[in-house]
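Take a look at the structure set out below.
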Amino acid sequence: MRIFSGVQPTGRKHIGNYIGAFEQYVAGQALGEAIYCVVDLHATTVAYDPATLRRDLYDLVAVLLAAGIEPERSILFRQSDVAEHTELQWLLMSATAYGELTRMTQFKDKSAQQEFISAGIFAYPVLMAADILLYQTGQVPVGDDQRQHLELTRDVAQRFNSRFGETFVVPEGTYPEVGARIMDLQNPERKMSTTGGSPQGTVYVTDDPEVIRRKFRGAVTDSGREIRHGADKPGVSNLLEILAAVRRSSIAALEQEFEGSGYGDLKLAVGEAVAAHLAPVRERYALLRADEQGLEQTLAAGAQRARAIASETMRAVRAAMGVGPAGPDER
Ligand code: AQP
């Protein structure tokens, strides 16, 4: 079983990324061959600063290692180090319908935030499909916001296989049972996000424990007093989801535990639990981040292993599509 997921080196990573994706990445290491990619080429599709991109990339690699990704067990690498990603993206463009890309909600949301809407942001889901299919991936651990992109990846793989012959494994998305969509603490109708969130409503993995407690104390809650999960209580539901994820307990058990308590008690408990959960990660992060050369070495070793798998897939893709010279067994 091969597991693959990608993460963008944009801005500071938040507890949505951590709970929705990184904790699944760590767990995935015990389930199969895990491959995790820092997708820097995706980050160039919107307005960005080149120097900041490099810094953000090291920040992210250090966060992933601090979270528990073990580079001896999994492959951790940078997307731009493996040229096969962009080659496969181009070839998959011919198996992707223009209409499919126009229906992507993330394209609509993100392009609405841009002054210059690049062709790159439109073709983003095809690069994501290439990232995944290049490694003959079985499972893709992601947050709920990636569901539509995952479905597109499956459609593209199936279309390619039926047009050119069985070439790709058709991957499944895996989503955490709780915490697949962590919401902004100040606006619980919107997902917690690097680019679209509010500063006080976004809890960063590397936030100081006191800052984490303060952000939870200030979380927006709902009308009424009852602590219960439900569509009419987006603020309380979000807090319950976060607490359930970090404590690894069920929402029902938490509803029972907080029966009769006030919203203030819940906010304090979640702030405390998240601060404690992230404290060791923050400590490991500080040590790892101080050694950029070490981070580069980890990425270089990962890229070498990733390339070996990617080049094999590309041989099969080129042969299936009749691109390049015929291989010895095709003549
Ligand atoms: N709020 C969230 N709840 C649960 N999971 C989330 N993810 C992102 N936000 C949430 C998951 O984190 C992984 C890495 O995401 P990414 O940074 O590569 O891409 P993203 O979705 O663009 O991240 P952001 O922070 O949401 O940035 P914006 O909104 O600026 O694009 C993915 O598996 C994602 O599902």
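Counting convention: from 1, in listed order, for ligands and their atoms alike.
- Y58 and F22 fall within a single hydrophobic cluster, where Ile, Leu, Val, Met, Phe, Trp and Tyr side chains are chained together by heavy-atom contacts under 4.5 Å.
- For atom 26 (O) of ligand 1, the closest non-hydrogen atom of the protein is K191 NZ, 2.5 Å.
- At distances below 3.5 Å, not a single donor-acceptor pair connects side-chain atoms of K13 with backbone N or O atoms of D59.
- Interface of Q146 with ligand 1, defined as ligand atoms under 4.0 Å from a residue heavy atom, comprises 21 (O), 35 (O).
- Considering backbone and side-chain N/O of V142, none are found under 3.5 Å from N/O of ligand 1.
- Cation-pi contact between R2 and Y135: absent, since separation from the ring centre below 6.0 Å together with deviation from the ring axis within 45° is not met.
- Ligand 1 has a nitrogen or oxygen under 3.5 angstrom from a nitrogen or oxygen of S193.
- Between E33 and R305, none of the side-chain N atoms (NZ, or NE/NH1/NH2) sits under 4.0 Å from a carboxylate O, so this pair counts as no salt bridge.
- At least one N or O atom of M192, backbone or side chain, sits closer than 3.5 Å to an N or O atom of ligand 1.
- Considering backbone and side-chain atoms alike, S5 places every N or O at 3.5 Å or more from each N or O of ligand 1.
- For ligand 1, the atoms lying closer than 4.0 Å to a non-hydrogen atom of Q8 are 16 (P), 18 (O), 19 (O), 22 (O).
- Residue contacts with ligand 1: T195 is placed with a nitrogen or oxygen under 3.5 Å of a nitrogen or oxygen of the ligand (distance criterion only).
- No hydrogens or angles considered: nothing links the side chains of R12 and T194 as a donor-acceptor pair under 3.5 Å.
- Between the CD1 atom in I182 and the OH atom in Y18 there is a gap of 13.0 Å [rounded to 0.5 Å].
- Taking a 4.0 Å cut-off on heavy atoms, H42 fails to register as neighbouring ligand 1.
- For atom 23 (O) of ligand 1, the nearest non-hydrogen atom of the protein is N17 ND2, 3.7 Å.
- Contact check on D208 versus R282 returns a salt bridge, with a Lys/Arg side-chain nitrogen under 4.0 Å from an Asp/Glu carboxylate oxygen.
- With ligand atoms numbered from 1 in the order given, ligand 1 contributes 16 (P), 17 (O) to contacts under 4.0 Å with heavy atoms of K13.
- Of the N or O atoms in T10, none lie within a sub-3.5 Å distance of an N or O in ligand 1.
- At a cut-off of 3.5 Å, with distance as the only test, a side-chain donor of Y25 or S5 sits close to an acceptor on the other residue.
- Residue contact annotation: K110 has a non-hydrogen atom under 4.0 Å from ligand 1.
- For ligand 1, the atoms closer than 4.0 angstrom to any heavy atom of G143 are 5 (N), 33 (O), 34 (C), 35 (O).
- Near A180, with a cut-off below 4.0 Å to any heavy atom, the atoms of ligand 1 are 3 (N), 4 (C), 5 (N).
- Nearest-residue assignment for atom 3 (N) of ligand 1 (options V38, D145, I182; heavy-atom criterion): I182.
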Donor-acceptor list for residues 117-126 side chains, cut-off 3.5 Å, not counting sequence neighbours:
{"residue": "S118", "atom": "OG", "partner": "T45", "partner atom": "O", "Å": "2.8"}
{"residue": "S118", "atom": "OG", "partner": "G120", "partner atom": "N", "Å": "3.3"}
{"residue": "S118", "atom": "OG", "partner": "I121", "partner atom": "N", "Å": "3.1"}
{"residue": "Y124", "atom": "OH", "partner": "Q8", "partner atom": "NE2", "Å": "3.1"}

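- Counting the atoms of ligand 1 from 1 in the order shown, those under 4.0 Å from a heavy atom of V7 are 14 (C), 18 (O).
- There is a side-chain donor-acceptor pair under 3.5 Å between E23 and H277.
- When each atom of ligand 1 is checked for a heavy atom of A21 under 4.0 Å away, the hits are 12 (O), 13 (C), 33 (O).
- Close N/O approach between T194 and ligand 1 is found [any backbone or side-chain N/O within under 3.5 Å].
- Ion pairing of D144 with R181 is present here, as a side-chain N (NZ or NE/NH1/NH2) and a carboxylate O approach within less than 4.0 Å.
- Residue H14 holds the heavy atom nearest to atom 9 (N) of ligand 1 of all those in H14, E241, Q106.
- Between the choices P176, P9, G16, G196, the shortest heavy-atom distance to atom 2 (C) of ligand 1 belongs to G16.
- Between V203 and L185, the shortest heavy-atom distance links the atoms CG2-CD1, 3.6 Å.
- For ligand 1, the atoms closer than 4.0 angstrom to any heavy atom of G20 are 4 (C), 5 (N).
- Here E210 pairs with R213, R217 under the salt bridge (charged side-chain N to carboxylate O under 4.0 Å, His left out) rule; sequence neighbours left out.
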